[in-house]
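Shown next, in structure tokens, is the structure this report addresses.
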Amino acid sequence: MSTALELKRAFDLAKEKKMNFGDEIAFALRLARRKRWQMIEERRVQQEIDLHSYLLKLIQDDRDRQLKEADSDQDLALKSKLEETCAKRLTELNNLFAQVDERRKRRDVPDYLCGKISFELLRDPCITPSGITYERKDIEEHLQRVGHFDPITRTKLLKDMLVPNLAMKEVVDHFIKENGWVDDY
């Protein structure tokens with residue numbers, strides 16, 4: 001994680017001194033952030049798997065304990081009821097974790113919601129006359145550091161030609177509302 005902090009500091013210093021290192025520092029910084037996110041995700045997934053296994057074992061141990069206690073009574077109806085209750089609990093738990101698995105699969109930001117320069121979630125999207133949407137701070141920084149042209153189409157582009165992309169902002173806001181984990185991304 002210190003590498004990411006060092007890259008961030010180098011990136012900020014280069015920006016402050018108006019030095020152009022191309023996208024090398026920004027790319028390394030994005031890569032470090034993505035690796036950090038992946039490590040956090042892997043840890044979270046493993047914790048969910050461990051919790052699921054632990055809860056399954058608790059339910060089964062509870063069933064075994066209750067069956068052992070009921071064994072002395074030789075009550076067949078009670079044993080059947082205990083088995084049924086345990087099976088129901090196991091099914092409910094597995095269904096719950098299946099829903100968690102489904103949500104886990106969707107924990108990635110779609111490319112169309114990411115900026116063309118930083119590849120991060122668009123927070124303040126703006127559109128150019130050529131119809132390409134960028135994160136405002138990234139395109140303004142490009143215009144200041146690199147030159148007054150669109151980085152994709154290479155057509156002339158000035159800061160006052162940028163227009164807020166309200167439709168994309170609405171889509172991004174909806175995605176954020178539906179996926180609370182995005183703030184950690």
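Small disclaimer: the values here were computed from a predicted structure and weren't measured.
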Open item on the list: Going by side chain to side chain donor-acceptor pair (under 3.5 Å), name the residues that satisfy it together with Gln38, two or more places apart in sequence or in a different chain.
Closed with: none
Task: By side chain to side chain donor-acceptor pair (under 3.5 Å) - contacts of His52 (at least two apart) - done: Asn94
Would you mind reporting whether [Y] and [X] have side-chain heavy atoms less than 4.5 Å apart?
X	Y	answer
Leu158	Leu143	no
Leu157	Leu162	yes
Leu121	Ile176	yes
Arg63	Leu67	yes
Gln47	Arg43	yes

First locate atom [atom1] of [X], then atom [atom2] of [Y], and finally report the distance between them rounded to the nearest 0.5 Å.
X	Y	atom1	atom2	value
Cys126	Leu166	SG	CG	11.0 Å
Ile132	Ile152	CD1	CD1	4.0 Å
Arg123	Ser118	CZ	OG	10.5 Å
Ile49	Phe97	CD1	CZ	10.0 Å
Cys114	Tyr134	SG	OH	14.5 Å
Glu83	Thr85	CD	OG1	9.5 Å

TODO: Say whether Gln99 and Asn95, considering side chains only, have a donor N or O and an acceptor N or O under 3.5 Å apart.
DONE: no
Task: salt bridge (Lys or Arg N to Asp or Glu O under 4.0 Å) partners for Lys57, two or more places apart - done: Asp61
Any residue meeting side chain to side chain contact (heavy atoms under 4.5 Å, CB included) with [X], in chain and number order, not counting sequence neighbours:
X	value
Tyr54	Leu58
Leu90	Leu56, Ile59, Gln60, Cys86
Glu84	none

Task: Heavy atoms of other groups near Asp50 CG, more than 12 under 6.0 Å - done: yes
Open item on the list: Checking one residue: Val163. Which other hydrophobic residues are in its cluster under the side-chain 4.5 Å linking rule?
Closed with: Ile127
- [ ] Report the C-alpha distance between Thr128 and Met161 in whole Å, list the side-chain angles of each, state the deciding distance to 0.1 Å, and finish with yes or no for side chain to side chain contact (heavy atoms under 4.5 Å, CB included).
- [x] CA-CA 7 Å; Thr128 64; Met161 297 167 79; over 6 Å; no
- [ ] I would like to know whether Glu41 and Arg44 meet salt bridge (charged side-chain N to carboxylate O under 4.0 Å, His left out); could you show each step before the answer?
- [x] CA-CA 5 Å; Glu41 277 296 286; Arg44 183 187 62 78; 2.8 Å; yes
- [ ] With sequence neighbours excluded, give me every salt bridge (charged side-chain N to carboxylate O under 4.0 Å, His left out) pair touching residues 149-172.
- [x] Lys169-Asp173
Task: Pairs touching residues 128-139 that satisfy salt bridge (charged side-chain N to carboxylate O under 4.0 Å, His left out), sequence neighbours left out - done: Asp124-Arg136, Arg136-Glu140
- [ ] Decide whether Val45 and Met39 are clustered together by the hydrophobic rule: side chain heavy atoms of Ile, Leu, Val, Met, Phe, Trp, Tyr closer than 4.5 Å, transitively.
- [x] no
- [ ] Work out which heavy atom in Lys116 is nearest to a heavy atom in Thr133; give both atom names and the distance.
- [x] CG-O, 3.5 Å
TODO: With side chain to side chain contact (heavy atoms under 4.5 Å, CB included) as the test, would you mind laying out the steps for Leu96 and Glu92 before giving the verdict?
DONE: CA-CA 6 Å; Leu96 178 67; Glu92 289 174 355; over 6 Å; no
